[in-house]
Protein chains: 2
Amino acid sequence: MATLKQVAAHAEVSVQTVSNALNAPHRLRPDTLQRVTKSIELLNYRPNRNARSLRTSAVELIGYCVPSWPNGQAHLVMDQFLHALCTAAETTSRHILLFTAPVGLEGMPVYEDLHARRLVDGFVLSQTETHDPRHGWLKEQEIPFVSFGRVWKETTQPGPFVDVDGAAGCAAAVRHLYDAGRRRIGFLSWPKSSGLAEDRLSGWSDACKQLGLSTSGRAMRCVDDTIDEGAGATAELLDATEPVDGIVAISDVLALGALSELNRRGLTAGVEVGVTGFDDSPLASVVSPALTSIRQPMDQIATELIDILTAPTRRSADNPDADPTPARSSTERLLQPELVIRGSSAPG
Amino acid sequence: MATLKQVAAHAEVSVQTVSNALNAPHRLRPDTLQRVTKSIELLNYRPNRNARSLRTSAVELIGYCVPSWPNGQAHLVMDQFLHALCTAAETTSRHILLFTAPVGLEGMPVYEDLHARRLVDGFVLSQTETHDPRHGWLKEQEIPFVSFGRVWKETTQPGPFVDVDGAAGCAAAVRHLYDAGRRRIGFLSWPKSSGLAEDRLSGWSDACKQLGLSTSGRAMRCVDDTIDEGAGATAELLDATEPVDGIVAISDVLALGALSELNRRGLTAGVEVGVTGFDDSPLASVVSPALTSIRQPMDQIATELIDILTAPTRRSADNPDADPTPARSSTERLLQPELVIRGSSAPG
DNA sequence: CTGAAAGCGCTTACAG
DNA sequence: CTGAAAGCGCTTACAG
């Protein structure tokens with residue numbers, strides 16, 4: 001493995017010049033640059049990242065805690081998210097370092113240790129939960145991070161985040177079903193304790209009201225995110241005095257439960273009842289009829305996350321008051337989801 | 001951030017002694033060790049990993065290429081695999097570095113670059129395909145790696161691997177269905193070009209023959225891994241002169257197709273027809289009746305992968321012939337899957 | 001535009 | 001059992 005010194009000897013310049021050829025080529029005279037470049041190629045030189053990191057104290061690695069699901073629930077779009085995150089990181093010549101940690105506050109020493117030992121420059125948080133304690137902790141420790149998802153029900157959001165406007169997504173689903181002629185639209189949700197669920201529910205509820213549709217008795221709470229729960233809630237909605245003809249589900253799994261219950265009753269999704277899911281997970285395109293679903297723009301999410309985390313202005317360190325940049329708009333980004341329309345919401 | 005030098009000054013010893021306290025504590029006198037340990041804690045010292053890596057030229061990072069699925073197919077157990085891999089790596093104080101690369105030979109410069117720049121010590125390969133070119137390439141470059149999955153149809157496997165005995169898994173599924181009284185058992189497979197598929201099919205076929213069951217016309221080839229394909233193949237198996245009463249599917253998605261077709265015909269999985277899947281993906285426990293499925297032992301797979309990759313004996317470098325260790329048995333490990341029995345294969 | 005030199009924070013033979 | 005010193009491969013003020 002060639003070193004800077006060997007390249008310098010080969011090109012008959014100093015190591016400083018080779019380093020500049022790599023990191024600040026404009027400082028070299030064209031002919032020198034070319035000679036150095038040729039030596040680099042000839043010797044197949046690749047700068048040792050550890051030496052660079054030691055010197056600059058920047059490792060260009062971003063930590064991401066792989067979620068564990070003791071309840072057996074899977075993160076069905078995790079591979080999409082990770083792929084997008086990696087790609088976004090690589091456009092800034094960074095990479096993702098994976099690690100595991102206990103959930104909640106208990107896991108924070110792991111974060112702190114990774115940062116202290118300089119294995120990572122900062123963190124991307126996801127699986128953000130209502131009252132998630134990680135954000136505040138990291139902020140207090142002045143460890144750089146950015147969150148995918150908001151910490152709900154706090155007075156102020158600790159630190160920067162990127163999130164998807166779930167309310168707008170659900171409202172779009174309601175309007176889509178309305179346009180297909182549906183007038184009695186139910187909502188399959190999770191327990192009230194979830195800020196995420198309340199946000200999405202408000203989108204359904206507001207859109208219904210705006211369109212003059214009743215919401216009374218049509219918001220179902222599913223304790224677990226399973227097909228059975230979705231099917232049970234759907235059964236209730238169908239057995240009501242005024243049976244629903246449209247269902248907006250807060251997840252693809254609950255929507256699959258709706259499809260299953262319709263199927264059991266000899267009804268066809270997209271014909272008698274329109275159904276939509278959330279996340280556009282692999283499940284959505286694999287069932288028949290395929291599931292209309294609200295897709296989170298993963299590539300954009302990842303790009304924004306990396307952009308915020310790697311932004312040169314680290315506000316906390318230097319003068320926080322004299323800064324002209326509007327703080328909120330640059331570190332709190334709400335993206336619009338996309339309704340992917342398939343057979344479950346419309347015939348054909 | 002405290003450094004080794006500061007700790008040494010605080011404990012009134014040399015830096016060498018502090019380093020030894022961390023890496024070879026047995027070399028210190030107990031009282032010295034205790035004094036140093038106290039200083040380390042007091043100053044909240046954490047060794048800088050970059051400095052260590054630069055010196056030892058071992059980064060303790062393992063590269064893993066996140067699969068991309070242009071065809072929209074998801075890796076439904078990827079989060080399980082990644083979690084297991086991270087956990088296994090962490091027990092040896094290593095971590096996983098994620099990256100993306102083009103598929104096939106085109107992606108190899110990315111692997112080479114990551115290794116040359118010392119971002120990783122080696123690689124874990126998964127999504128191994130029939131005739132996968134990566135293994136041979138890495139071996140030739142003498143870049144350490146270990147594969148989850150075999151390169152099928154090569155005369156010799158290039159490099160170490162861990163894999164699951166798919167044939168044994170499918171044979172176990174057949175015997176399970178046989179024990180539940182099934183006598184006409186079909187198999188939902190993929191195209192013949194897949195070595196993985198042929199291996200699993202052979203397990204089904206051998207077990208059937210051993211039990212005196214006919215296999216004729218009962219192996220179906222599904223071009224895509226979708227519910228529709230599985231449903232179509234199941235329809236054929238049910239419409240045959242001798243309709244099947246058991247179905248072993250090569251994937252959970254195809255098994256879901258079988259369930260869907262049974263459902264459409266008013267048949268119940270586990271009652272009229274027993275159905276089994278492969279992978280025990282999140283899909284399996286989310287459907288109703290829940291899917292019996294062949295589970296790959298992810299934790300064990302991950303442990304073996306890390307074990308092989310981090311084994312101190314790097315045979316290729318030093319004397320390859322004079323080694324007493326049997327090469328095959330230590331670097332080629334075939335693990336047994338587990339049949340997870342649920343409602344789709346047996347009533348109740 | 002180019003070069004000699006210091007230093008990032010560790011580990012490791014080598015002496016004592 | 002402990003210490004002084006060299007060196008891993010870079011980057012970066014500082015001179016020329």
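Note on naming: letters A, B, ... go to the chains in the order of the sequence lines (proteins, then strands), and numbering restarts at 1 for each one.
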Among the candidates [options], find the nucleotide nearest to the side-chain atoms of [X].
X: B/Thr3; options: D/dT2, D/dT11, C/dC10; result: C/dC10
X: A/Tyr45; options: C/dC1, D/dC10, D/dT2; result: D/dC10
X: B/Ser14; options: C/dG3, D/dA4, C/dG9; result: D/dA4

Whole-Å distance between [N] [atom2] and [X] [atom1]?
X: A/Leu4; N: C/dA4; atom1: CG; atom2: P; answer: 14 Å
X: A/Asn48; N: C/dC8; atom1: CG; atom2: P; answer: 18 Å
X: A/Arg117; N: C/dC8; atom1: CZ; atom2: P; answer: 21 Å
X: B/Leu28; N: D/dT2; atom1: CG; atom2: P; answer: 6 Å
X: A/Leu54; N: D/dC10; atom1: CG; atom2: C1'; answer: 8 Å
X: B/Arg55; N: C/dG9; atom1: CZ; atom2: C1'; answer: 12 Å
X: B/Arg27; N: D/dG3; atom1: CZ; atom2: C1'; answer: 13 Å
X: A/Glu60; N: D/dC10; atom1: CD; atom2: P; answer: 15 Å

When you measure from the side-chain N and O atoms of [X] to the phosphate of [N], is any distance below 4.0 Å, counting only OP1 and OP2?
X: A/Arg52; N: D/dT11; value: yes
X: A/Ser19; N: D/dT11; value: yes
X: A/Thr56; N: D/dC10; value: no

Comparing A/Val15 and A/Asn20 on DNA chain C - which has the more 5′ nearest nucleotide: A/Asn20
Closest to the 5' end of DNA chain D, once B/Gln16 and B/Ala51 are matched to their nearest nucleotides, is B/Gln16
What nucleic acid atoms does A/Asn23 come within less than 4.0 Å of, heavy atoms only: base, sugar-phosphate, or nothing? sugar-phosphate
Heavy atoms under 4.0 Å, any strand shown: does A/Thr32 hit a base, just sugar-phosphate, or nothing?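 Sugar-phosphate, backbone atoms only, no base.
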Pairing of [X] and [Y] as salt bridge, 4.0 angstrom limit:
X: B/Arg333; Y: B/Asp307; answer: yes
X: B/Arg35; Y: B/Asp31; answer: no
X: A/Glu332; Y: A/Arg150; answer: no

Check for me whether the distance between the ring centres of A/Phe123 and A/Tyr111 falls short of 6.0 Å. yes
If we call it a pair only when both distances are under 3.5 Å in a Watson-Crick or G-U wobble match, what pairs with C/dA4?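 None - no nucleotide pairs with C/dA4, as no candidate has both distances under 3.5 Å.
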In Watson-Crick or G-U wobble terms, both distances under 3.5 Å, what is the partner of C/dA13?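 Base partner found: none.
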Tell me whether B/Glu90 contacts the main-chain N or O of A/Thr100 through its side chain, where contact means a donor paired with an acceptor under 3.5 Å. yes
